[in-house]
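Positions are given from 1 along the sequence.
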Amino acid sequence: MTGAFIAGAGLFFTPMTVLMTALGCLLGIVIGVLPGLGPLMGIILLTPLAFHLPPVEAMGLLIAVYVGGSCGGAISAILVRIPGTPLAAATLLDGHPMHLKGKSREAVGLAISASAMGGLIGGLFLVFLAPLLAAVALRFGPPEYFALTLLGLISIAVVSGEETTKGLMAGLMGLLVATVGADPFSSTYRFTFGYNPLLGGFNIVAIVVGLFALSEMFIQITSGHLTEKPQVPWVKTSFDSIGAALSRWVNLLRSSLIGTFFGILPGAGGVISAFTSYAVARANSKHPELFGTGVEDGVIASEAANNACCGGAMIPTLALAIPGDASTAVLMGALILLGFFPGPDLFSKHADVVGGIFLAYIAANVFLLVLGILLTPFFVSVIKIRKSYLIPIVLLLSCIGTYAIQGSAFDLWVMLGFGVVGYILRRFDYPLAPIVIGAVLGPICESSLRRSLILSGNNVDIFFNRPISAAILIIDIALILWIALPRGLKSTIRGRAIGLMKLAPEKGGPD
């Protein structure tokens with residue numbers, strides 16, 4: 001990877017690329033701080049802008065939004081007890097009690113420092129593991145890609161928590177959406193009903209903006225309280241928080257490793273990693289009874305894990321074209337729009353772009369640490385923005401961004417339609433991320449399946465005669481069996497799995 005870094009340095013270390021990465025981190029924190037938005041929303045809103053930039057500048061902007069947004073929600077969680085993003089829900093448990101004790105400065109500083117350092121640790125795994133996975137994937141053919149994408153699709157159900165059936169149904173919807181348009185192996189069109197704008201299928205940006213941005217705005221409008229202005233104290237942090245986080249290095253490192261692990265699992269995401277890391281930190285504390293009352297280790301555990309998860313989620317996204325979560329699914333879509341398809345060919349044919357992306361991710365976490373600490377008063381003031389001002393701005397940006405991709409008014413109708421669908425699904429507690437994952441992976445899965453059958457003369461033995469394909473299919477079958485287990489048995493197994501991750505209390509880090 002040394003060669004990729006050297007080649008990528010030429011693309012990344014330009015004034016504009018560094019500036020875009022810093023800007024992305026700044027915007028990401030702002031978007032993360034605002035309740036109801038988050039890194040996914042930031043990536044969606046800025047993808048149309050990134051589409052007109054060179055590849056490393058564009059990905060630097062979007063990745064930095066991903067990194068900054070994953071941390072920003074902790075600030076509002078600590079100060080006003082409203083997680084800016086679901087990722088910060090675990091941070092709320094000890095962060096807000098610290099604020100109530102008069103330790104707002106320490107809590108916010110620890111959250112930012114732990115996030116940045118957790119992200120850097122996740123970045124190390126990204127730099128070293130992604131090329132290794134890509135090297136293995138060079139041996140992949142259509143059967144292996146089919147088995148792998150099937151694994152990603154099945155994981156939708158595994159990570160849908162107690163809503164397995166709803167997760168599968170949402171994923172199926174994503175697969176159906178992906179079939180609209182031209183058949184990739186013939187000159188026929190599918191589900192277009194003679195309507196010309198559907199010949200090219202649905203624009204992924206319009207789908208994502210509608211599902212997430214518009215549905216969230218509909219939720220915010222119907223929830224009321226549009227003119228309320230949150231009462232937030234003035235807070236300023238310092239770089240002393242870096243030393244405070246490093247003094248608890250055992251917890252910091254362990255939580256970062258947990259976050260990276262869950263990030264690598266397709267669809268698992270930062271919420272699961274944050275709560276798991278929090279539970280493990282509590283179990284290894286000398287005073288577990290204090291967790292929930294304002295313990296520094298609680299903030300460090302959750303924040304280090306959810307940002308380390310970002311680096312972990314990008315590993316399968318770049319190396320195998322399997323999105324780690326909804327945010328990386330959109331990042332993957334943006335990379336494809338820029339003309340670079342994730343997977344082993346990206347590493348072998350565009351090592352300079354890969355190196356530039358790696359450098360952008362590392363730089364984004366450095367900017368998170370510096371900008372997060374220096375500009376804390378500004379980010380705190382952002383929390384005071386009323387919904388009545390914020391919602392029209394987000395709606396306007398959504399419309400402009402969606403239209404700018406193809407200059408198509410039809411995309412605006414698609415965005416509106418999926419916005420209504422997303423709002424209805426959320427009202428009935430259906431997860432939206434599986435729709436995006438299904439829409440992104442569906443075409444890859446279909447084309448790999450059909451190529452495999454063409455190569456074998458419609459003989460399914462091709463999937464089991466190849467060792468790698470057979471091994472992945474065995475994992476697929478194991479996941480299907482897991483899905484079929486009763487809910488109570490799953491909960492028991494999960495609890496025991498977390499128990500195995502616990503170290504003896506006396507070996508834990510300082511409280």
Side-chain angles (χ1 to χ4, degrees), residues 1 4-33 37-72 112-113 115-127 130 263 306-315 317-318 327-328 330-335 337-338 340 342 346 350-376 378-379 382 401:
M1 279 311 298
F5 268 114
I6 295 174
L11 295 177
F12 176 76
F13 287 110
T14 64
M16 186 56 67
T17 305
V18 174
L19 177 62
M20 294 305 291
T21 304
L23 177 63
C25 187
L26 179 66
L27 293 176
I29 300 174
V30 170
I31 291 171
V33 164
L37 300 185
L40 176 60
M41 184 79 73
I43 297 169
I44 291 167
L45 294 176
L46 291 174
T47 293
L49 171 63
F51 180 67
H52 301 284
L53 298 174
V56 176
E57 282 184 29
M59 295 308 296
L61 172 68
L62 298 181
I63 288 170
V65 170
Y66 183 32
V67 169
S70 297
C71 171
I112 294 170
S113 300
S115 292
M117 286 183 272
L120 288 172
I121 292 173
L124 292 177
F125 282 92
L126 169 65
V127 169
N306 65 38
N307 263 56
C309 190
C310 297
M314 290 183 63
I315 294 172
T317 303
L318 293 177
S327 295
T328 50
V330 180
L331 285 174
M332 176 176 162
L335 193 58
L337 285 174
L338 292 168
F340 299 89
L346 179 66
H350 304 286
D352 53 344
V353 174
V354 173
I357 290 174
F358 286 168
L359 288 169
Y361 177 84
I362 293 171
N365 282 281
V366 175
F367 283 128
L368 170 62
L369 183 63
V370 176
L371 296 178
I373 291 176
L374 291 178
L375 300 180
T376 298
F378 166 70
F379 299 129
V382 170

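When every heavy atom of Leu369 is checked against every heavy atom of Ala116, the shortest pair comes out as CB-CB, 3.7 Å. Closest heavy-atom contact between Pro342 and Leu346: CA-CD2, 4.0 Å. When all heavy atoms are compared, the tightest approach of Phe13 to Leu359 is CE1-CD1, 4.0 Å. The minimum heavy-atom distance linking Ala364 with Cys25 is given by the pair O-SG, 3.6 Å. Of all heavy-atom pairs spanning Met16 and Glu57, the tightest one is CG-OE1, 3.2 Å. In plain terms, the two heavy atoms of Asn365 and Ser115 that are nearest each other are OD1-O, 4.1 Å.
At least one donor-acceptor pair under 3.5 Å links the side chain of Thr17 to the backbone N or O of Leu11. Listed for the Tyr361 side chain is no donor-acceptor partner under 3.5 Å among the backbone atoms of Val67.
You'll find the side chain of Asp352 stays beyond 4.5 Å of the side chain of Val56, heavy atoms only. Counting heavy atoms from C-beta on, the side chains of Pro39 and Ile31 never come closer than 4.5 Å. You'll find the side chain of Leu368 reaches within 4.5 Å of the side chain of Asn307, heavy atoms only. Proximity of Thr376 to Ile112: side-chain heavy atoms (C-beta onward) are separated by under 4.5 Å at one or more points. Contact check for Pro55 versus Ile357: no side-chain heavy atoms found under the 4.5 Å cut-off. Residues Val30 and Phe378 are in side-chain contact: their nearest non-hydrogen atoms beyond the backbone lie under 4.5 Å apart. By the 4.5 Å heavy-atom criterion applied to side chains, Val127 and Ile362 are counted as neighbours. Annotation: side chain of Phe358 is not in contact with side chain of Ile63 (no heavy-atom distance under 4.5 Å).
From Leu49, atom CG reaches atom CG of Leu27 across 9.5 Å, with rounding to the nearest 0.5 Å. Atom-to-atom distance recorded for Leu61:CG and Leu19:CG is 10.0 Å, nearest 0.5 angstrom. We find the OG1-CD1 distance between Thr328 and Ile315 to be 11.0 Å, quoted to the nearest 0.5 Å.
For the side-chain contact (heavy atoms from CB on, under 4.5 Å) criterion with Leu62, the lone passing option out of Leu331, Ile44, Thr21 is Leu331.
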**Message:** Before you tell me yes or no, could you show the steps for Leu126 and Cys310 under side-chain contact (heavy atoms from CB on, under 4.5 Å), namely the whole-Å CA-CA distance, both residues' side-chain angles and the distance that decides it to 0.1 Å?
**Reply:** CA-CA 9 Å; Leu126 169 65; Cys310 297; over 6 Å; no

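With sequence neighbours excluded, the residues satisfying ring-ring contact (aromatic ring centres under 6.0 Å, His included) with Phe340 are His350.
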